[in-house]
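For reference, the structure is listed below as structure tokens.
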There are 2 protein chains.
Amino acid sequence: MNLPSAVCFHLTRMKNFIILWKHFQNNFVFYGITIYDIAREAKVGIGTVSRVLNGNPHVSEKTRKRVLEVARRLNYQPHTYAQRLAKQKAYAISAVIPFFTSYFFIEVLRGVQDKITELGFDLVLYGVNDPSNQVEYYLQKSTYRGKVDGVLFFSMRFPESYVGYFNQRTIPIVLVDTYHPKFDSISVDNFQGAYLATKHLIEIGHEKIGIIVARLESVPAKQRFEGFKKALSDYGKNFYEEFFVEAKETQLDGFTREAGYNSCMELLNRKKGIPTAIFVSSDIQAIGVIEALNENGIKVPDDVAVIGFDDIELAKDFGLTTVRQPMYEMGKVAVEKLFERMNDRVRKPMHIKFTPELVIRKTCP
Amino acid sequence: MNLPSAVCFHLTRMKNFIILWKHFQNNFVFYGITIYDIAREAKVGIGTVSRVLNGNPHVSEKTRKRVLEVARRLNYQPHTYAQRLAKQKAYAISAVIPFFTSYFFIEVLRGVQDKITELGFDLVLYGVNDPSNQVEYYLQKSTYRGKVDGVLFFSMRFPESYVGYFNQRTIPIVLVDTYHPKFDSISVDNFQGAYLATKHLIEIGHEKIGIIVARLESVPAKQRFEGFKKALSDYGKNFYEEFFVEAKETQLDGFTREAGYNSCMELLNRKKGIPTAIFVSSDIQAIGVIEALNENGIKVPDDVAVIGFDDIELAKDFGLTTVRQPMYEMGKVAVEKLFERMNDRVRKPMHIKFTPELVIRKTCP
DNA sequence: GTGAAAGCGCTAACAA
DNA sequence: TTGTTAGCGCTTTCAC
């Protein structure tokens with residue numbers, strides 16, 4: 001295309017101008033109002049402004065009013081990081097949490113979030129997709145100097161190599177749904193919960209009680225199993241080997257619907273009869289168990305009573321009798337304990353165990 | 001108790017000492033290593049240290065090595081907020097997300113988190129428990145000056161009163177699973193998805209097709225309903241009023257298992273016969289529908305085929321044929337778009353619609 | 001290539 | 001009651 005050079009020149013200028021304009025817009029930074037602006041407008045020093053904004057009582061009512069008025073008019077917002085740097089405090093905590101897509105975590109997180117909001121802190125979230133590899137990485141990241149005032153560590157085995165690290169740097173940490181003797185922890189008494197469930201089964205008259213558990217290498221599964229056995233022996237009941245199935249599935253340690261379904265199928269395939277009640281180590285497995293039972297024409301609860309563990313959302317839907325973990329509550333308490341620890345770094349580690357409660361619904365009246 | 005005054009005195013001193021000691025321990029701050037420490041040790045200026053640490057090429061190889069060595073030896077970690085303040089950049093984004101305890105959000109969040117980690121940013125989470133009240137509060141909070149470089153806003157109606165706010169302050173925002181003409185958004189084409197599902201039903205030979213939807217005042221429910229009707233009319237099929245049920249439950253707009261169950265019961269109670277296939281507006285409802293069907297001795301898929309929407313975790317378990325929303329993917333893309341917007345604040349709002357795909361399982365082969 | 005110094009926006013100690 | 005000033009720990013000119 002041939003254009004007169006004058007036009008070409010013009011076009012080029014135009015283009016450059018547009019580029020410049022875009023650049024300008026892109027780099028247009030909202031010119032933040034600082035305490036200096038307020039100080040100038042209100043004809044006071046920045047110290048006074050800071051005092052007013054921080055509720056320091058040593059300010060005359062007159063200047064306080066004036067400063068506040070100016071701040072409002074200028075739509076002042078303090079710069080988060082300037083405050084945090086000067087105060088040497090992060091006003092934030094982090095949560096290192098496995099992204100198992102389970103109801104449990106969302107629910108605990110709700111508790112955490114609510115409590116944190118109440119305290120005016122921020123929550124920095126580190127979701128760990130691969131617990132075997134990424135835990136250290138996220139621990140490292142979440143404790144970058146100054147970034148947070150404390151850490152909530154969820155459900156994963158705490159890496160031994162970081163035990164010293166957290167002591168030395170004295171950054172408070174609370175373990176949730178997991179345990180280490182050196183740190184505060186919040187968890188549910190799995191043993192007690194399973195004991196409760198089993199006791200209930202016994203009390204309503206069951207004799208032949210089966211158990212379907214997730215993989216016993218998982219700590220909660222193991223504890224629930226132990227609680228079950230203890231209740232049996234305390235009440236002089238038999239442990240029926242033929243009605244005991246451990247999950248084979250490795251995914252989520254066997255805490256899945258599929259694993260429950262398969263375990264139940266295995267139990268039935270043994271052709272050694274059926275128990276009158278089954279304790280299942282989690283609700284999600286229990287749902288699978290019930291499905292397997294239904295498919296085989298076995299009625300719940302008439303032929304077999306089923307009791308789960310967790311009280312997930314679906315449990316209510318399915319009318320599943322279960323043992324309730326106070327998830328939301330645990331989240332709240334975890335934050336509370338973390339704050340207590342932030343204020344007293346000396347006291348001995350506290351280990352809080354929530355006692356779960358029985359929720360009786362249709363599958364085991 | 002009477003003790004010699006000397007002992008009393010001693011005890012008092014002891015007590016004071018203990019108090020002092022506790023106080024000391026509590027206020028023992030890990031004395032952070034700063035670039036000044038490194039500078040001193042490496043016998044260079046702090047400017048040089050900063051240059052090395054930031055990968056600035058204008059440093060001789062010799063000093064670079066030395067500085068790096070000292071930094072490693074002293075176990076240096078930069079102070080997060082000092083960096084952010086000096087750089088005038090937050091290296092963080094926030095997510096304002098309703099704490100509906102649903103699989104959808106966890107899954108999207110996973111995508112968000114993964115992408116964010118990849119980019120080295122932090123995720124500040126604001127879970128909204130009461131969307132009707134708290135949205136503004138959290139928007140406010142998440143945009144405190146300097147705190148984050150961008151905001152992800154999920155699934156809730158974006159408050160009109162904040163439209164101007166986000167423009168004026170030029171803090172980038174991306175809407176996920178919701179829409180506003182003035183901002184970038186990512187969502188799933190509900191209409192298209194429902195169309196696809198219905199088309200499938202038609203293609204495998206169904207004539208009498210029913211529909212069970214969540215409350216139509218919910219935008220996704222409405223869109224899915226429209227897609228369903230369009231497919232029927234495009235293929236010249238009848239819309240059977242007697243096989244259409246809208247949820248009555250208000251909880252979660254009727255996107256619950258219970259609502260699905262009840263809707264299906266209502267359909268059956270009308271005693272106007274049953275359709276050969278049912279399109280349900282969500283998987284969780286579909287599970288309720290199937291249960292109602294089973295209870296009434298109606299076999300799925302032999303008597304009635306059922307197709308859901310979402311592809312939640314349970315859908316796989318139940319062998320539910322459904323329409324899959326690419327949740328994880330959406331999370332990733334949302335972050336990508338947010339970063340693009342951070343780099344170009346001028347371009348017109350982009351609205352990305354994901355096309356959902358059909359997942360064929362047992363309930364509708 | 002390197003050091004000194006001036007910010008970033010705020011808090012808090014110190015004078016006045 | 002106030003204003004001034006020295007940090008907080010880092011980045012980034014600007015001289016040399």
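Numbers restart at 1 for each chain; the letters A, B, ... are given by sequence-line order, proteins then strands.
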A:Val59 side chain: which of D:dT2, C:dC10, C:dT2 is closest? D:dT2

A:Leu85 side-chain proximity, nearest of C:dC8, D:dC10, D:dC8: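 Of all the options, the side chain of A:Leu85 is nearest to D:dC8.
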
[X] has an atom [atom1]; how far is it from atom [atom2] of [N], in whole Å?
X	N	atom1	atom2	value
A:Asp37	C:dC10	CG	C1'	13 Å
A:Tyr144	D:dC10	OH	P	12 Å
B:Asn56	C:dT2	CG	P	11 Å
A:Ile35	C:dC8	CD1	P	12 Å
A:Arg84	C:dG9	CZ	P	16 Å
A:Gln77	C:dG9	CD	C1'	14 Å
B:Tyr91	D:dG9	OH	P	19 Å
B:Leu53	D:dC10	CG	C1'	10 Å

Side chain to side chain donor-acceptor pair (under 3.5 Å) assessment of B:Tyr76 paired with B:Asp37: CA-CA 9 Å; B:Tyr76 170 78; B:Asp37 299 316; over 6 Å; no

Is it true that, when you exclude [X] itself, more than 12 heavy atoms of the residues, nucleotides or ligands shown sit nearer than 6.0 Å to its [atom1]?
X	atom1	value
B:Tyr162	OH	yes
B:Arg157	CZ	no
B:Lys89	NZ	yes

So, is [X] near the phosphate of [N], with a side-chain N or O under 4.0 Å from OP1 or OP2?
X	N	value
A:Gln83	C:dG9	no
A:Gln88	D:dG9	yes
A:Tyr76	C:dC10	yes

Using side chain to side chain donor-acceptor pair (under 3.5 Å), reason through A:Gln140 and B:Gln77 one step at a time and then give a plain yes or no. CA-CA 10 Å; A:Gln140 187 77 252; B:Gln77 281 197 320; 3.3 Å; yes

Can you spot which of A:Tyr138, A:Tyr126, A:Tyr137 makes a side chain to side chain donor-acceptor pair (under 3.5 Å) with B:Thr117? A:Tyr138

Quick one: label [X] by what it contacts on the DNA or RNA (base, sugar-phosphate, nothing), any heavy atom closer than 4.0 Å.
X	result
B:Tyr36	base
A:His58	base
A:Lys89	nothing

Taking the six-membered ring for Trp, are A:Phe339 and A:Phe121 ring centroids under 6.0 Å apart?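 Centroid distance A:Phe339-A:Phe121: below 6.0 Å, so yes.
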
So that I can tick it off, tell me whether B:Lys332 and B:Glu329 are bridged by a salt bridge, with the cut-off set at under 4.0 angstrom between side-chain N and carboxylate O.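 Between B:Lys332 and B:Glu329 there is no salt bridge, as every charged N stays at least 4.0 Å from the carboxylate O atoms.
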
Geometric cation-pi criterion A:Arg110 and B:Phe99, 6.0 Å radius, 45° cone: no

Positions of residues 60-74 of chain B (non-hydrogen atom under 4.0 Å from DNA chain C), listed by number: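 By residue number: B:Ser60, B:Thr63.
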
Can you spot which of B:Thr48, B:Val44, B:Ile46 makes a side chain to side chain contact (heavy atoms under 4.5 Å, CB included) with B:Ile35?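 The passing option is B:Ile46.
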
Between protein and nucleic acid, restricted to nucleotides 12-16 of chain D and to nitrogen or oxygen atoms under 3.5 Å apart, what atom pairs and distances do you find?
residue, atom, partner, partner atom, Å
D:dT13, O4, B:Arg51, NH2, 3.4

